[in-house]
Number of protein chains: 2
Amino acid sequence: MTTASKTIKPQRHSRASGRVTIVDVAHMAKVSPMTVSRALKTPALVQQAARDRIAVAIQQLGYVPNQAASTLASAKSQVIGVIVPSLSNAVFVETLHGIRDSLDQHGYKFLIGESHYSPDKESQLISTFLTQAPDGFLLSGIEQQESLRHQLATNNIPAVRMFDLSPNRNDMTVGFSQKKAGYSMARHLIERGYRRPGFLGAQLDPRMMKRRAGFRKALADAGMDSGIEVLTAAPSTVELGAKLLGQLLQQTPDCDAVFCCNDDLALGVLFECQRRGISVPGQLAIAGFNNLPWSAHANPGITTIVTPRYDIGFTAAHLLIKRLKREPIEKARIDLGFELAIRAST
Amino acid sequence: MTTASKTIKPQRHSRASGRVTIVDVAHMAKVSPMTVSRALKTPALVQQAARDRIAVAIQQLGYVPNQAASTLASAKSQVIGVIVPSLSNAVFVETLHGIRDSLDQHGYKFLIGESHYSPDKESQLISTFLTQAPDGFLLSGIEQQESLRHQLATNNIPAVRMFDLSPNRNDMTVGFSQKKAGYSMARHLIERGYRRPGFLGAQLDPRMMKRRAGFRKALADAGMDSGIEVLTAAPSTVELGAKLLGQLLQQTPDCDAVFCCNDDLALGVLFECQRRGISVPGQLAIAGFNNLPWSAHANPGITTIVTPRYDIGFTAAHLLIKRLKREPIEKARIDLGFELAIRAST
DNA sequence: CTGAAAGCGCTTACAG
DNA sequence: CTGAAAGCGCTTACAG
């Protein structure tokens, strides 16, 4: 092995990692490292023959670019920090899929953080992510801490906020009106003839509270009682839905419809109705929120608000990339709307 | 502003990023950059007074370490690559939580990839992740492509495999016996007196096939018909469960129990039974797999196998960290077992 | 307990 | 279309 001679006289301070680098590729392809770099990033600027030799060398050597070196030299990490409230909620997983599909197309990677609906936790995650020098952020909701806004501004890192629409025209936001969605559902129940609709809310995050506000407004606008509700800060689960229904019926026995702040709660309500022998929608109508994959297939199918979470992720990532590439942005505030899916439960 | 003089004579090749670096902190704290680095990584080696001055400087300047520089210099990224089949399945999200809780304690971050049960996709994700120079990998299942094993070996990157137990004693694996789990469920149904249990399988991934094999073996051991089943490569959903039940009953009308390869399918079967007026478990018993959060709260509660996915994630990450720190490893193959949760559906 | 020197593997900013 | 030089912000490997 002629390469053995390389190790005969180790240099002081030598830290040869043994890793294949751009220099190795350059040697084999008889070009400079700079040309290899160009062949990788901007192939159009490299002569075809050189490109071919470089491709062969990369193949032969099994060269893998070192992202850390690239990030350090270029001050661009190609990383986007993404904060969602929770991965336990299928809604946000679908948003992530939208983000991934959008980011993949442009060579960006992303870091995922779960805020668990806590602004403190969110700020803390951002601080941790900052060490990775992300090029941008995708955040959930529009209610970030002032210190966080300041931190992003100071580091000049753009952010797009998802799931809601900011009243501030300068903020980049992609979502829909949570309040209008709540209003729509109340209107639907009213039009169906329900006279005593109640609201079941968990988590109590800002978006949920906006849905509730819309729901209450529609009832008040119709001159109906808008105060029938049970709220809890606990995370929503099927189990919780069953429990909250019990509380609601105890407090308002003549309640004839219930709007759950999400489908998980609605499923729990449905099972509890089955256990109690309450017919749905005969004695009690059930409505949910989000249109989770199973909601159309429950028995009965659950009326719900269809939210565009995949598109929110895809569009938000797309908007952020446009901004990073300094392309012109026509609209910083993108309303993707929602739909009402009426099914047998109401 | 006296600092303005700094910009009077810009150097050629100057790329001052404006970012606060370890050098800035060192100046303010009147120490060398090396001492700042130590104060951050191994504070015990730095005198208290210096540490205090450094802490103040970091605070004042808002210094954030540059991970890319650290990774490049140390050849340690503090990043773990994690591949799970899908984030749409709550099981894997819980595993991620276990991984996060374990990794957080040791300052590791992680990259998440979804293989969608495809070995090709898995290999592709690993290649992409390699660019980030991960210190280790956490993989799902034990059936990786040979090229992937080779790639990990070549780069000398340790990996822990989750959810199954490798027959190879050298592989680090954390999971449980999928086959025994399937066997247990069949034994339970047999003991309950069911004579014509069938199997509903989706996705057809290796672990699902092992559950099936265990199920069939128990039936065969008991001299019963082990061929009652409907399989499909489609991903499991509630909707699919309903559809598969239809096929099963058409093909085997006297089937009196059904073991679903996971709880989502079981929920679909339950709703379909309700729609068809089939009493559960009177006319048909239903069993699932995984014990998803709602399965105990369905109507009736669904009998299922409780799988230790949070612990699998936590333990696998812990094992990997031990390996990375070159601590002695007593057991490379950790069987976390499973439990049978018997509920009203059987 | 502390620091000067060298190097990690890329890309920027020129210059041809 | 190509390349030499310098630098990105840390840590290693010494030497005190």
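All heavy atoms count here, side chains included; hydrogens, waters and symmetry mates do not. All chains are named by letter (A, B, ...) in the order of the sequence lines, taking the proteins before the strands, and each is independently numbered beginning at 1.
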Answer yes or no: does a side-chain N or O of [X] lie under 4.0 Å from OP1 or OP2 of [N]?
X: Ser70(A); N: dT11(C); value: yes
X: Gln47(A); N: dT2(D); value: yes
X: Lys41(B); N: dT11(D); value: yes
X: Ser37(A); N: dT11(C); value: yes

Using 0.5 Å steps for rounding, measure from the OG atom of Ser32(A) to the NE2 atom of His27(A).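 Going from OG on Ser32(A) over to NE2 on His27(A), the span is 10.0 Å.
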Separation between CG of Leu45(B) and OG1 of Thr35(B), rounded to the nearest 0.5 Å: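 These two atoms lie 10.5 Å from each other.
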Over how many whole Å does the gap from [X] atom [atom1] to [N] atom [atom2] extend?
X: Leu40(B); N: dT11(D); atom1: CG; atom2: P; answer: 7 Å
X: Met34(B); N: dT2(C); atom1: CE; atom2: C1'; answer: 9 Å
X: Leu72(B); N: dT12(D); atom1: CG; atom2: P; answer: 12 Å
X: Leu45(B); N: dA13(D); atom1: CG; atom2: P; answer: 15 Å
X: Gln67(B); N: dC8(D); atom1: CD; atom2: P; answer: 19 Å
X: His27(B); N: dG9(D); atom1: NE2; atom2: C1'; answer: 14 Å
X: Gln132(B); N: dC10(C); atom1: CD; atom2: P; answer: 13 Å
X: Gln48(A); N: dT2(D); atom1: CD; atom2: P; answer: 11 Å

Arg323(A) atom CZ, over 12 foreign heavy atoms within 6.0 Å: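 No, not enclosed.
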Of Arg38(B) and Asn66(B), the one whose closest DNA chain D nucleotide lies more 5':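 By nearest-heavy-atom nucleotide position, the 5'-most residue is Asn66(B).
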Using the closest heavy atom to pick a nucleotide of DNA chain D for each, name whichever of Ala50(A) or Tyr63(B) lands nearer the 5' end.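 Going by which nucleotide is closer to the 5' end, it is Ala50(A).
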May I ask you to say what [X] touches in the nucleic acid, namely base, sugar-phosphate or nothing, with a heavy-atom cut-off under 4.0 Å?
X: Ala26(A); value: nothing
X: Val31(B); value: sugar-phosphate
X: Ala39(A); value: nothing

Do Gln124(A) and Asp120(A) have a side chain donor and acceptor closer than 3.5 Å?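 Short answer, no.
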Can you tell me if Gln145(A) and His150(A) form a side-chain donor-acceptor pair at under 3.5 Å?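 Per modelled atom types, Gln145(A) and His150(A) side chains form no pair under 3.5 Å.
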Residue whose nearest DNA chain C nucleotide is more 5′ - Ser32(B) or Val36(A):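 Of the two residues, Ser32(B) wins.
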Quick check for you: among dT12(D), dT11(D), dC10(C), whose closest atom lies nearest to any side-chain atom of Ala69(A)?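 In terms of side-chain proximity for Ala69(A), the closest of dT12(D), dT11(D), dC10(C) is dC10(C).
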Sort out the partner of dA4(C) for me: Watson-Crick or G-U wobble, both distances under 3.5 Å, none otherwise.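 Because no pair has both required distances under 3.5 Å, dA4(C) counts as unpaired.
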